[in-house]
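As structure tokens, the structure follows; a few thoughts come after it.
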2 protein chains.
Amino acid sequence: MHANVKQNVIPLITPGLKVACSQCNLRELCLPFGLSEVDMGRLDKLIGGGRKLKRGHFLYRAGDPFESIFAVRSGFFKTDVLTEDGRDQVTGFQMAGEILGMDGISTETHTCNAVALEDSEVCLIPFTELEMLSSEIHSLQHHLHKVMSREIVRDHGVMMLLGTMRAEERLAAFLLNLSQRFSARGYSPAEFHLRMTREEIGSYLGLKLETVSRAFSRFQDEGLISVQQKHIRIVDIPRLKTLLTPPDGRIG
Amino acid sequence: MHANVKQNVIPLITPGLKVACSQCNLRELCLPFGLSEVDMGRLDKLIGGGRKLKRGHFLYRAGDPFESIFAVRSGFFKTDVLTEDGRDQVTGFQMAGEILGMDGISTETHTCNAVALEDSEVCLIPFTELEMLSSEIHSLQHHLHKVMSREIVRDHGVMMLLGTMRAEERLAAFLLNLSQRFSARGYSPAEFHLRMTREEIGSYLGLKLETVSRAFSRFQDEGLISVQQKHIRIVDIPRLKTLLTPPDGRIG
DNA sequence: GGACCTCGTTGACATTTATCAACACAAATC
DNA sequence: GATTTGTGTTGATAAATGTCAACGAGGTCC
């Protein structure tokens, strides 16, 4: 019943997978943002190659020693934290251009699991080398700080969601967030495939899977979206957005 | 009814407040952790002085341009995020040695408010200068990354709390977290003064103030703690900890 | 020293979400 | 093609938390 049913071996670096930031169409979303051609070449040399992961495989697990951060080249990941007493919280879903693994810097050990939700590719960025290079390239250093800060801000958004929103508001916010991120990557903002189960959505949103399912059905009944298993089509984005704004505005 | 009733002017740098990391008894908790004497002296020169804040005053507000991060020298802060539609989420409470303001790096604008919950003092650390110095001092750079990463890990803990815990578990986790942090600063882990209201605790924990109040009363009835308004004495720390571990362990 | 305030507590009741259970659907496997 | 397994949906009911309201305690301002 738990996610760790598929305890696959962590695959080694895929030798054939050549990566180069300068050739990558994600460079405007990813770590090399704002670098000159020359500096991007220096970053290329540092990137420890790519790694392919089959669906269900772990990129890293809580407890693994921290050595690298990862940039998602393609595919889809989830990160989750498990406690000894069996609580399980999905802390995020990551797609192309997003950075994984920064939780590990503080203790030199990963504190969460990262699992591929579909066949995926990542770039491996050795962190010590990245720090060395970033002390020479100011814009790289600054952008790394921005990426970490962005993660903090994103986390605050999740706290807001978990702390103040009701079930349907959470799901609306979740769908709109996915929509916006797909859109930023050139995909349809209105129609997409969910890579995660209702249970994983529920864990992320602090809800049980039944509540997630009911909220989907309700949205469909009201003509906001069309759901067929994992295929989602958002019929009325503006009206979905209004679900996030309580009618009275709650001002005062 | 809202926190921004006290909209005080942001005070300027307090000229008389001399700060020096090398003299500070918080240096093992704070940014200069692990620096040599010489390097600490260089960090001292960078610190833009101290700032005193009266209770209720804002250290910064959402929308303010980002220029510095802040280290709490003394006192107690809360940070919160407000949305246009009136939602208000407390994202953290900060005490001596903790760093504030890293949310602002990503957009060059602060994304939350930081308010002093009692008369407080902070060190102002201009961020551009900090980046310049950290590219020269590797251990400073690395420690900055650790501090940011620690914030990400802390945020994950809050997500876990908000996503998986029930009201009493949240409050127990909150009290134990405060206890541990006071303890790390040489104060009693068992007896302390809450600087925040029930409403602020509730906002942080995703609960209404009445629920927080009832949970306090219940803990007192069960002999776990003793509450008198904001004064808390934890009578039975081990038993409070067991509240966080569901009896069956939820394994499997 | 009294008259506000804000803050905290408690009770009765409403609402939301979880729990338990049954069943439907789809993909993967034999 | 049938079977299994994971996944998703829906209903009935229970449990947790929120809402509304009253009141009490402490601090602050005249």
Side-chain angles (χ1 to χ4, degrees), chain A residues 1-6 54-56 78 87-88 90 115 117-119 161-172 193-221 225-232 243 246 248 250, chain B residues 1-6 54-56 78 87-88 90 115 117-119 161-172 193-221 225-232 243 246 248 250:
Chain A
M1 191 60 70
H2 266 157
N4 55 0
V5 169
K6 297 171 184 170
K54 286 274 175 205
R55 175 176 160 199
K78 74 165 179 184
R87 292 179 207 278
D88 183 356
V90 170
V115 186
L117 296 182
E118 62 182 11
D119 294 359
L161 181 145
L162 292 170
T164 74
M165 292 187 188
R166 312 223 256 91
E168 293 189 6
E169 294 171 333
R170 295 184 200 188
L171 188 65
H193 190 81
L194 297 174
R195 275 74 173 181
M196 68 295 280
T197 66
R198 301 291 191 262
E199 186 171 21
E200 287 163 336
I201 297 171
S203 171
Y204 181 62
L205 300 179
L207 301 169
K208 293 295 162 187
L209 66 93
E210 294 94 331
T211 306
V212 173
S213 180
R214 278 185 241 272
F216 270 125
S217 300
R218 200 136 194 284
F219 285 175
Q220 179 160 251
D221 292 349
I225 66 175
S226 139
V227 192
Q228 256 173 326
Q229 306 288 119
K230 290 194 159 75
H231 183 86
I232 301 286
L243 288 191
D248 60 31
R250 279 193 211 162
Chain B
M1 191 60 71
H2 268 159
N4 54 1
V5 169
K6 296 169 183 170
K54 287 274 176 204
R55 176 175 159 200
K78 74 165 178 184
R87 294 178 204 277
D88 183 355
V90 170
V115 186
L117 296 182
E118 62 182 12
D119 293 359
L161 182 146
L162 292 170
T164 74
M165 292 187 189
R166 311 220 258 91
E168 294 189 5
E169 295 171 332
R170 295 184 199 188
L171 189 65
H193 189 80
L194 297 175
R195 275 74 172 181
M196 69 295 281
T197 65
R198 300 291 190 261
E199 186 172 19
E200 288 163 334
I201 297 172
S203 171
Y204 181 61
L205 300 179
L207 302 169
K208 292 294 160 185
L209 66 92
E210 293 94 333
T211 306
V212 173
S213 179
R214 278 185 242 272
F216 270 125
S217 299
R218 197 136 195 283
F219 285 174
Q220 180 159 253
D221 292 348
I225 66 175
S226 142
V227 192
Q228 258 173 327
Q229 305 288 119
K230 289 194 160 73
H231 183 86
I232 301 286
L243 288 192
D248 59 34
R250 278 193 212 164

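Values below: all heavy atoms of this structure, side chains included; hydrogens, waters and symmetry mates excluded. To find a chain, count down the sequence lines: A is the first, B the second, and so on, and within it residues start at 1.
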* Asked: Using a cut-off of less than 4.0 Å, is there contact between a side-chain N or O of A:Thr197 and OP1 or OP2 of D:dG6?
  -> no
* Asked: Which whole-number value in Å describes the distance from A:His231 NE2 to C:dC25 P?
  -> 19 Å
* Asked: Quick one: does A:Leu171's side chain get under 4.5 Å of A:Ile201's, heavy atoms only?
  -> yes
* Asked: To the nearest Å, how far apart are B:Leu171 CG and C:dG8 P?
  -> 13 Å
* To do: Rounded to the nearest angstrom, tell me the gap between atom CG in A:Asp221 and atom C1' in D:dG11.
  => 14 Å
* Atom pair distance, as rounded to whole Å: CD in B:Gln220 and C1' in C:dT10 -> 14 Å
* Is there a side-chain contact between A:Thr197 and A:Lys230 (heavy atoms, below 4.5 Å)? -> yes
* **Closest non-hydrogen atom pair between B:Ala215 and B:Glu168, with its separation** => CB-CG, 4.2 Å
* Do A:Ser203 side-chain atoms and A:Asp88 backbone N/O form a donor-acceptor pair below 3.5 Å? -> yes
* Asked: Given atom CG of B:Leu194 and atom P of C:dC7, what is their separation to the nearest angstrom?
  -> 14 Å
* **Length of the CG-C1' vector between A:Leu209 and C:dT19, whole Å** => 11 Å
Output a table of nitrogen or oxygen pairs between the protein and nucleotides 16-19 of chain D separated by less than 3.5 Å.
residue: D:dT17; atom: OP1; partner: B:Ala167; partner atom: N; Å: 2.7
residue: D:dG18; atom: OP2; partner: B:Lys208; partner atom: N; Å: 3.2
residue: D:dG18; atom: OP2; partner: B:Thr211; partner atom: OG1; Å: 2.4
residue: D:dT19; atom: O4; partner: B:Arg214; partner atom: NH2; Å: 2.8

* Side-chain contact, heavy-atom cut-off 4.5 Å: B:Arg170 with B:Leu162? -> yes
* Structure fact -> Rounded to whole Å, CZ of B:Arg218 lies from C1' of C:dT10 at a distance of 14 Å
* Flag the pair B:Met196 / B:Lys78 as yes when at least one side-chain heavy-atom distance between them is below 4.5 Å, and no otherwise. => no
* Asked: Are any of the side-chain nitrogens in B:Asp119 or B:Arg55 under 4.0 Å away from the carboxylate oxygens of its partner?
  -> no
With the criterion being N/O to N/O and under 3.5 Å, what pairs connect the protein with nucleotides 23-27 of chain D, and how long is each?
none

* Distance-only, no hydrogens or angles: does the B:Arg87 side chain make a donor-acceptor pair with backbone N or O of A:Thr164 under 3.5 Å? -> yes
* To do: Would you confirm whether B:Arg198, through its side chain, and B:Leu209, through its main-chain N or O, come within 3.5 Å as a donor-acceptor pair?
  => no
* To do: To the nearest Å, give me how far apart CZ (B:Phe219) and P (C:dG8) are.
  => 17 Å
* Under 4.0 Å between a side-chain N/O of B:Lys230 and OP1 or OP2 of C:dC7, yes or no? -> no
